[in-house]
Chemist: 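Here it is: the structure, laid out below.
Along the sequence shown, residues are numbered consecutively beginning with 1. Whatever order the structure lists them in is the order used to number ligands and atoms, beginning at 1. All values below were derived from every heavy atom in this structure, side-chain atoms included, with hydrogens, water molecules and symmetry-related copies excluded.
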Amino acid sequence: MDDLRDKYISLIANAADEATLEDLRVQAVGKKGEISLQMRELGKMSAEERQVAGPKLNALKDEINSALAAKKQGLADAALDERLRAEWMDVTLPARHRRVGTIHPVSQVTEEVTAIFADMGFAVAEGPQVESDWFNFDALNIPGHHPARAEMDTFYTHRAPGDDRPPHVLRTHTSPVQIRTMQDQGAPLRVIAPGRVYRADYDQTHTPMFHQIEGLAIDKDISMANLKWVLEEFVKAFFEVDDVELRFRASHFPFTEPSAEVDIRCSWEGGTLKVGEGDDWLEILGSGMVHPKVLQAGNIDPDEWQGFAFGMGIDRIAMLKYGIPDLRAFFDSDLRWLRHYGFASLDVPTLHGGLSR
Ligand code: DAH
């Protein structure tokens with residue numbers, strides 16, 4: 001019995017793989033294995049002999065079985081160690097984002113602008129794209145005869161024959177959201193309103209549908225100085241530069257008084273735009289102090305409250321920041337264009353994580 005034990009314990013210890021172990025198991029404790037055959041011999045023994053040999057054989061069988069199990073576990077552990085040593089993966093590689101598509105530059109820039117203004121306490125407001133002409137024009141101090149109505153190349157909806165009410169329009173700017181937000185929320189307030197707007201115009205820098213972002217801040221003592229600071233902070237964050245010079249040019253909008261168009265200092269070295277330095281100026285938005293009549297249309301008392309507003313083209317600042325030449329391509333749904341100018345779908349712009357990278 002001791003010879004059997006020594007033989008199998010050393011064979012098991014030296015087994016190189018699971019198949020060898022299985023062979024050994026069959027040879028030793030399988031139905032016709034050596035130890036099983038010995039157990040059969042027990043029947044031929046005297047009672048005294050059996051009392052000694054029986055427990056010994058059982059113990060031997062147990063010992064062989066546990067040696068087999070331990071060796072099997074040892075082989076499995078060694079195999080896993082070997083795999084862990086050989087297989088590796090670089091988890092710092094960028095995710096593959098092609099399969100789930102890319103984020104359109106307009107969506108990307110809208111998210112970037114929203115993140116920047118959210119940091120300054122501006123909430124996002126919305127309004128309908130099919131708008132009444134009162135919200136789109138009258139409430140913004142653009143009466144029926146005003147040239148601004150004609151200039152805007154407005155799309156009008158049809159009324160049924162005999163219906164004399166004024167037609168709805170596709171909103172020509174995001175400014176009507178100012179009125180809706182004032183009516184809904186009252187003062188004080190701080191909102192931006194990104195969205196689609198429509199004008200009948202089409203060339204390299206105009207499409208009949210495009211995107212604007214409106215800003216509105218109403219409070220007790222708001223001045224042009226606040227407007228200037230907010231816009232400077234915005235432009236620095238958006239173009240991801242440390243310093244930038246803004247130029248406020250006196251202008252005219254019916255819904256603001258005074259009004260200013262804002263340019264940023266830039267250069268066009270070798271055809272690429274550099275913001276913050278150079279001898280050129282680039283217009284990026286219209287702005288001003290909200291006209292008292294506009295506050296009134298929003299049910300806000302102009303003797304008590306005042307505010308600033310601004311409006312800029314999202315597509316335009318997207319073209320500038322990312323060097324995209326033709327606006328029309330934005331809306332062609334050309335997959336090659338989308339893959340080239342699109343953004344990683346899981347890379348949401350935040351101020352702490354980086355806007356564009
Ligand atoms: N609504 C103007 C446009 O579409 C842009 C604009 C100018 C918005 C001045 C404003 C503003 O809020 O104060 O051209």
Chemist: Say you draw a straight line from CG of L140 to OG of S175; how long is it, rounded to the nearest 0.5 Å?
Modeler: 5.5 Å
Chemist: Please identify each residue that fulfils ring-ring contact (aromatic ring centres under 6.0 Å, His included) with F248, with sequence neighbours left out.
Modeler: none
Chemist: Report each N/O pair between ligand 1 and the protein that falls under 3.5 Å, naming both atoms.
Modeler:
| from | atom 1 | to | atom 2 | distance (Å) |
| --- | --- | --- | --- | --- |
| ligand 1 | 1 (N) | H173 | ND1 | 2.9 |
| ligand 1 | 1 (N) | S175 | OG | 2.9 |
| ligand 1 | 4 (O) | R199 | NH2 | 2.8 |
| ligand 1 | 4 (O) | Q212 | NE2 | 2.9 |
| ligand 1 | 12 (O) | Q178 | NE2 | 3.1 |
| ligand 1 | 12 (O) | E214 | OE2 | 2.6 |
| ligand 1 | 12 (O) | F310 | N | 3.4 |
| ligand 1 | 12 (O) | F310 | O | 3.4 |
| ligand 1 | 13 (O) | A309 | O | 3.2 |

Chemist: Who are the ring-ring contact (aromatic ring centres under 6.0 Å, His included) partners of W134, not counting sequence neighbours?
Modeler: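 Result, ring-ring contact (aromatic ring centres under 6.0 Å, His included) vs W134: none returned.
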Chemist: Which of these passes side chain to side chain contact (heavy atoms under 4.5 Å, CB included) with M182: V177, N299, L189?
Modeler: L189
Chemist: State whether E232 and K228 are salt-bridged, where the test is any N-O pair (Lys NZ or Arg NE/NH1/NH2 against Asp/Glu carboxylate O) under 4.0 Å.
Modeler: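 Between K228 and E232 there is a salt bridge, with a charged N closer than 4.0 Å to a carboxylate O.
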Chemist: Run the ring-ring contact (aromatic ring centres under 6.0 Å, His included) test against Y341 and tell me which residues pass, sequence neighbours left out.
Modeler: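 For Y341 the ring-ring contact (aromatic ring centres under 6.0 Å, His included) partners, ignoring immediate neighbours, are W337.
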